[in-house]
Amino acid sequence: MRYFFKEGADLAAGKVIALEPADQKHAHRVLRLRKGDTVVIADGRNSALQGIVEEIGPEKGLVRLTGPPLPAARSPLRLVLMQGLARGEKMDLIIRQAVELGVQQIIPVITGRSIPRFRRSQEEGRAERWRKLVLAAAKQCRRASLAKVSPILEFAEALELLRGRMAIVPWEGEKGLSLEQFLKRPPQEKEAVFLFIGPEGGFSPPEIAALTAAGAGTVHLGPRILRTETAAAAAIALVQAAWGDLGGSGK
Ligand code: SAH
């Protein structure tokens, strides 16, 4: 069943929804949907309803919602990925996987060792590209809520954001606490859990000192050093399995 987003729409059985122009063209030309085909419309806020194509053509795409509501697939854990800004294609992969693994928000952060040179002038294009990636990944994995990708923060801003919050910082230099041990305690913070992954070059010692001083917990992910994109996916998966809904029915 094809899955489409109509962001912010108020979904209810009986309503007729116009597909977004890009979706309508895609549905007509590529997917070759026909009148009477069953599709799903999601609102981006965690509701999804089944519907029937009522009209489809080069100019129009209308779906009549029939219900019932479908499982919305939102994790009960509000997990925020803070990601040290990595090279473009790595960021793309991280964003896609984070969406599939059920992250609610992604905050890219420029750290001391972030390699991509950051230009404000390119920010808009990048944000648009990431928004499209989030949409495509959400469609693919059938999650009715869209993850938010925040504007890029400086390290100092990220530090202030997670001060006093539940924040986990995977750091290959951590010799004591593992993520597995960390996750044995129940999450204290009902609001959100922050997970901060370093860029390709990792965090610098002053960054780790500042994060620890702000109350974040450093953990190791095991004996191998993972690439940033692997570390992000692995750490999200472990946190979601322990405190969210990955690998099971959710808590
Ligand atoms: N350049 C560093 C590795 C950075 S890996 C080095 O070679 O030593 C990129 C990020 O992935 C790190 O900042 C950390 O957040 C995470 N990471 C990768 N492997 C890890 C591990 N074994 N334990 C904890 N964090 C890890």
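Note that this is a predicted model, so its numbers are computed, not measured. Numbering of ligands and ligand atoms starts at 1, following listing order. Because only heavy atoms are used, hydrogens play no part in the values below, and waters and symmetry mates are left out as well, while side chains stay in.
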Check each heavy atom of [X] against ligand 1 and say whether those closer than 4.0 Å belong to the side chain, the backbone, both or neither.
X	value
Val169	neither
Arg227	neither
Ala231	side chain
Ala232	neither

Please write down residue, atom name and distance for the protein heavy atom closest to [atom].
atom	result
atom 10 (C) of ligand 1	Gly198 O, 3.5 Å
atom 14 (C) of ligand 1	Pro170 O, 3.1 Å
atom 22 (N) of ligand 1	Arg224 O, 2.8 Å
atom 23 (N) of ligand 1	Leu221 N, 2.9 Å
atom 19 (N) of ligand 1	Leu226 N, 2.9 Å
atom 7 (O) of ligand 1	Ile225 CG2, 4.3 Å
atom 12 (C) of ligand 1	Glu172 OE1, 3.3 Å

Glu200/Ser114 under side-chain hydrogen bond (donor to acceptor under 3.5 Å, both in side chains): CA gap, chis, key distance, verdict
CA-CA 7 Å; Glu200 290 96 329; Ser114 283; over 6 Å; no

Quick check with a 6.0 Å cut-off and a 45 degree axis cone: is Arg185 positioned over the face of Phe182's six-membered ring?
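Judged by the rule, Arg185 and Phe182 form a cation-pi pair.
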
Quick one: which ligand 1 atoms are inside 4.0 Å of a heavy atom on [X]?
X	answer
Gly222	22 (N)
Val219	24 (C)
Glu200	1 (N), 4 (C)

Residue-ligand contact Pro199/ligand 1, heavy atom below 4.0 Å
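True for this residue.
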
Count the heavy atoms of every other residue, nucleotide or ligand shown that sit under 6.0 Å from [atom1] of [X], and state whether that count exceeds 12.
X	atom1	result
Arg45	CZ	yes
Glu128	CD	yes
Glu124	CD	no

Could you tell me whether Lys132 and Asp92 have a side-chain N and a carboxylate O separated by less than 4.0 Å?
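Salt bridge between Lys132 and Asp92, a charged N being under 4.0 Å from a carboxylate O: no.
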
Glu160 with Arg163: basic N within carboxylate O range, under 4.0 Å
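Between Arg163 and Glu160 there is a salt bridge, with a charged N closer than 4.0 Å to a carboxylate O.
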
Would you say Phe155 and Ile94 are hydrophobically clustered, going by side-chain heavy atoms of ILVMFWY under 4.5 Å?
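Looking at the clustering, Ile94 is in a separate group from Phe155.
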
Under 3.5 Å donor-acceptor, Arg78 side chain and Ala192 backbone:
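No.
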
Using a plain distance cutoff, I'd like to know if Thr228 has any nitrogen or oxygen under 3.5 Å from a nitrogen or oxygen of ligand 1.
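No, no N or O pair falls under 3.5 Å.
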
Output side-chain donor-acceptor pairs under 3.5 Å for residues 64-75, partner residues at least two apart or in another chain, one line each.
unit_1: Arg64; atom_1: NE; unit_2: Glu54; atom_2: OE1; d: 2.6
unit_1: Arg64; atom_1: NH1; unit_2: Gly14; atom_2: O; d: 2.9
unit_1: Arg64; atom_1: NH2; unit_2: Glu54; atom_2: OE1; d: 3.4
unit_1: Arg64; atom_1: NH2; unit_2: Glu54; atom_2: OE2; d: 3.4
unit_1: Thr66; atom_1: OG1; unit_2: Gln50; atom_2: O; d: 3.2
unit_1: Ser75; atom_1: OG; unit_2: Leu77; atom_2: N; d: 3.1
unit_1: Ser75; atom_1: OG; unit_2: Gln240; atom_2: OE1; d: 2.8

